[in-house]
Protein chains: 2
Amino acid sequence: MSSHASVPAFRPLYRQIQDLIVQALADKEWLPGEMIPSEMDLAARFEVSQGTVRRAIDELAAENLLVRRQGKGTFVATHADPRAFFRFLRLVPDEGGVPRSRSEPLECQTLRAGQEVAKALSIPYGDPVIQLRRILRLDSKPMVVDEIYLPADLFPDLTLDQLKASDRSLYTLFESLFGVRMVRAEEKIRAVAADPVAAQLLDLEVGTPLLSVERTAFTYGDRAAEWRRGLYSTVNHHYFNELG
Amino acid sequence: MSSHASVPAFRPLYRQIQDLIVQALADKEWLPGEMIPSEMDLAARFEVSQGTVRRAIDELAAENLLVRRQGKGTFVATHADPRAFFRFLRLVPDEGGVPRSRSEPLECQTLRAGQEVAKALSIPYGDPVIQLRRILRLDSKPMVVDEIYLPADLFPDLTLDQLKASDRSLYTLFESLFGVRMVRAEEKIRAVAADPVAAQLLDLEVGTPLLSVERTAFTYGDRAAEWRRGLYSTVNHHYFNELG
DNA sequence: CAGTGGTCTAGACCACGTG
DNA sequence: ACGTGGTCTAGACCACTGA
């Protein structure tokens with residue numbers, strides 16, 4: 001009998017299947033948007049019953065890794081799906097529906113991770129990272145200025161031109177160019193006063209209260225793959241959140 | 001064949017069972033913290049298989065209406081459970097663990113709903129509402145000033161003395177005194193400058209950037225049961241959010 | 001029509017908590 | 001030892017999609 005009971009010491013079969021599917025996703029066996037094999041096929045492959053595969057897929061669908069479509073099949077979730085888009089952009093207009101958003105890249109350079117970035121990305125101090133700066137426009141008004149850091153090894157040779165050429169969201173771009181899908185993220189939100197640079201970019205008075213939103217985003221297997229700090233104007237918009 | 005296909009026109013059995021259980025909860029048949037009947041008993045009561053009841057309870061547990069405890073039974077979720085507490089208070093210290101929180105009620109009066117409050121609570125303009133003002137202290141420092149509105153019919157004869165006598169959270173109090181459990185909430189977050197009143201209460205300079213957090217909270221059946229506006233100091237704390 | 005996921009059931013057995 | 005929820009399986013049938 002084990003003395004320290006902190007480890008579960010029992011892993012249900014459907015969780016093991018779940019892990020195997022996540023591993024296959026991390027190995028890029030099926031890419032974002034593609035259909036994965038049917039429940040029957042996976043049951044044969046893993047040598048379990050169809051019901052057990054079903055349970056595993058159910059949980060992965062609940063975590064937004066997979067999307068079920070009755071009659072068609074089960075697909076790898078993708079940010080290209082518009083429903084997925086506003087799960088990660090929570091700034092919405094006070095009145096009116098969903099805004100048209102447009103990303104305007106300003107800068108893209110490779111540098112070495114400082115203490116803060118290294119810690120946020122769980123990489124060694126001094127490792128190469130890509131720094132990206134951009135403005136996000138909602139209905140063509142500048143609403144967010146972002147500073148984004150990416151571990152360079154996951155995004156080889158990302159250039160400003162690639163960013164400028166895309167009219168899709170950043171995460172959609174990361175998927176299609178590098179096969180890196182952001183699965184979940186954590187945000188820390190504070191209220192700060194606009195500094196001169198942010199004020200100019202957002203077309204506001206210096207000192208205007210802004211939301212500071214720090215985000216760490218994770219890909220399959222809870223690997224940190226992005227850290228960013230955004231300054232959000234909340235004059236005619238607000239950050240919307242749902243508490244479950 | 002129905003022409004407008006917008007209505008599902010097919011409601012799975014387990015969803016119907018789900019609805020019946022929620023109805024029983026809304027009818028206060030089982031109170032927060034109490035155990036509900038076993039899956040077998042409910043299966044007999046609703047004349048379906050145990051597996052179907054199981055599926056219904058699974059979904060309600062995922063929505064935090066019920067809590068399963070293996071070997072013991074299934075219980076009505078309650079805010080008295082410390083795990084539930086920080087689902088609704090997302091302000092955490094920049095460094096260090098969970099803070100000790102303490103609510104300091106300032107005022108409690110009944111008045112008539114203005115346009116804004118009536119709309120937020122989905123009640124007629126002019127209906128009686130209870131207005132509550134309070135300060136929330138984290139580790140004994142004032143961090144949040146709240147203005148809270150409640151539909152008076154759900155909280156009969158709530159007094160300032162009752163609030164002052166309690167050392168538990170507001171939502172725990174609402175459960176034990178009125179059987180009203182807050183199930184989910186929506187928040188709208190903005191950055192604002194501290195006005196003189198808030199600045200004094202939070203012990204900050206006038207003009208300090210603060211988070212303005214407007215919350216509508218819902219009880220069983222998505223009935224709005226609270227609206228509040230809080231001003232959060234984010235000098236040494238931040239609002240933490242997880243994006244799924 | 002065939003193939004996919006979705007629902008419902010029944011039964012066997014496991015893990016956990018309490019007496 | 002008993003009752004609770006938790007897992008796994010097998011099979012029948014329903015609902016949706018697309019060729």
Side-chain angles (χ1 to χ4, degrees), chain A residues 1-21 30 33-78 81 83, chain B residues 1-21 30 33-78 81 83:
Chain A
M1 190 157 281
S2 71
S3 43
H4 311 294
S6 60
V7 175
F10 170 67
R11 191 151 188 76
L13 194 46
Y14 72 85
R15 284 216 185 281
Q16 302 177 39
I17 304 301
Q18 231 177 293
D19 294 343
L20 291 173
I21 294 175
W30 314 298
E34 287 182 5
M35 186 166 78
I36 73 171
S38 75
E39 296 179 351
M40 279 309 201
D41 289 353
L42 289 173
R45 163 166 166 179
F46 298 129
E47 297 180 290
V48 296
S49 79
Q50 183 254 8
T52 300
V53 169
R54 178 167 200 75
R55 175 93 188 252
I57 291 178
D58 278 345
E59 304 231 336
L60 294 174
E63 294 170 22
N64 298 305
L65 294 199
L66 299 175
V67 176
R68 291 173 162 296
R69 278 183 252 181
Q70 183 170 107
K72 296 171 57 167
T74 301
F75 299 77
V76 182
T78 166
D81 181 341
R83 286 171 307 214
Chain B
M1 191 160 284
S2 70
S3 42
H4 312 293
S6 61
V7 176
F10 170 67
R11 191 152 187 75
L13 196 45
Y14 72 85
R15 283 215 185 280
Q16 302 177 39
I17 305 302
Q18 229 178 297
D19 294 343
L20 291 173
I21 295 175
W30 314 298
E34 288 182 4
M35 184 166 79
I36 73 170
S38 75
E39 295 179 351
M40 280 307 201
D41 289 352
L42 289 173
R45 164 167 165 178
F46 297 129
E47 297 180 291
V48 296
S49 79
Q50 183 255 7
T52 299
V53 170
R54 177 168 201 76
R55 175 94 189 252
I57 291 177
D58 278 344
E59 304 231 335
L60 295 174
E63 295 170 23
N64 298 305
L65 295 199
L66 299 175
V67 176
R68 292 174 162 295
R69 279 182 250 177
Q70 182 172 103
K72 297 179 42 174
T74 300
F75 299 77
V76 182
T78 166
D81 181 341
R83 286 171 306 215

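In what follows, every chain begins at residue 1, and chains take the letters A, B, ... in the order their sequences are listed. Everything numeric in this text was worked out from a predicted model, so none of it was measured.
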*Between dA2(C) atom P and Met40(A) atom CE, what is the distance in whole Å?*
16 Å
_Quick check for you: among dT7(C), dC8(D), dT17(D), whose closest atom lies nearest to any side-chain atom of Thr52(A)?_
dC8(D)
*Find the distance Asp58(B):CG to dG6(C):C1' and express it as a whole number of Å.*
16 Å
*Got a salt bridge between Glu39(A) and Arg68(A), using NZ or NE/NH1/NH2 to carboxylate O under 4.0 Å?*
yes
*So, is Tyr14(A) close to the dT7(D) phosphate, meaning a side-chain N or O under 4.0 Å from OP1 or OP2?*
yes
*Euclidean distance, atom CG of residue Leu42(B) to atom P of dT4(D) [Å, nearest integer]*: 11 Å
*Pro12(B) side chain: which of dA15(C), dT4(C), dT7(C) is closest?*
dT7(C)
*asked:* Let's see if you can work this out: which of dG17(C), dG6(D), dC8(D) has an atom nearest to the side-chain heavy atoms of Lys72(B)?
replied: dG17(C)
*Specify the separation, in whole Å, of atom CD of Gln50(A) and atom C1' of dT7(D).*
15 Å
_Among dT4(C), dA15(C), dG6(D), the nucleotide that comes nearest once only the side chain of Ser38(A) is considered_ = dT4(C)
*Could you tell me the separation between the CG atom of Asp41(A) and the C1' atom of dT4(C), rounded to a whole number of Å?*
11 Å
*dT7(D) phosphate, OP1 or OP2: any side-chain N/O from Arg55(A) under 4.0 angstrom?*
yes
*Mark yes or no for whether Gln16(A), through its side chain, and Arg11(A), through its backbone, hold a donor-acceptor pair below 3.5 Å.*
yes
*What integer distance in Å separates Arg69(A):CZ from dG18(D):C1'?*
14 Å
*Any Lys/Arg nitrogen of Arg54(B) or Glu59(B) sitting under 4.0 Å from an Asp/Glu carboxylate oxygen of the other?*
no
_Which residue lies more 5' along DNA chain D, comparing Val48(A) with Gln70(A) via nearest heavy atoms_ = Val48(A)
*Gap between atoms CD and P, on Glu47(B) and dC8(C) respectively (whole Å)*: 15 Å
*asked:* Under 4.0 Å, counting only non-hydrogen atoms across every strand here, what does Arg54(B) touch: a base, just sugar-phosphate, or nothing?
replied: base
*For Leu13(A) and dC13(C), what is the distance between atoms CG and P respectively, to the nearest whole Å?*
17 Å
*Considering just the side-chain nitrogens and oxygens of Arg68(A), establish if one lies under 4.0 Å of OP1 or OP2 belonging to dG6(C).*
yes
*Can you tell me how far the CD1 atom of Ile17(B) sits from the OG1 atom of Thr52(B), to the nearest 0.5 Å?*
7.0 Å
*Start with the C-alpha distance between Gln50(A) and Arg55(A), add both sets of side-chain angles, then the distance that settles side-chain contact (heavy atoms from CB on, under 4.5 Å), and finish with yes or no.*
CA-CA 9 Å; Gln50(A) 183 254 8; Arg55(A) 175 93 188 252; over 6 Å; no
*Answer with base, sugar-phosphate or nothing: what part of the nucleic acid does Glu39(A) contact at a heavy-atom distance below 4.0 Å?*
sugar-phosphate
*In terms of side-chain heavy atoms of Thr74(A), which of dC8(C), dG5(C), dG18(D) is nearest?*
dG5(C)
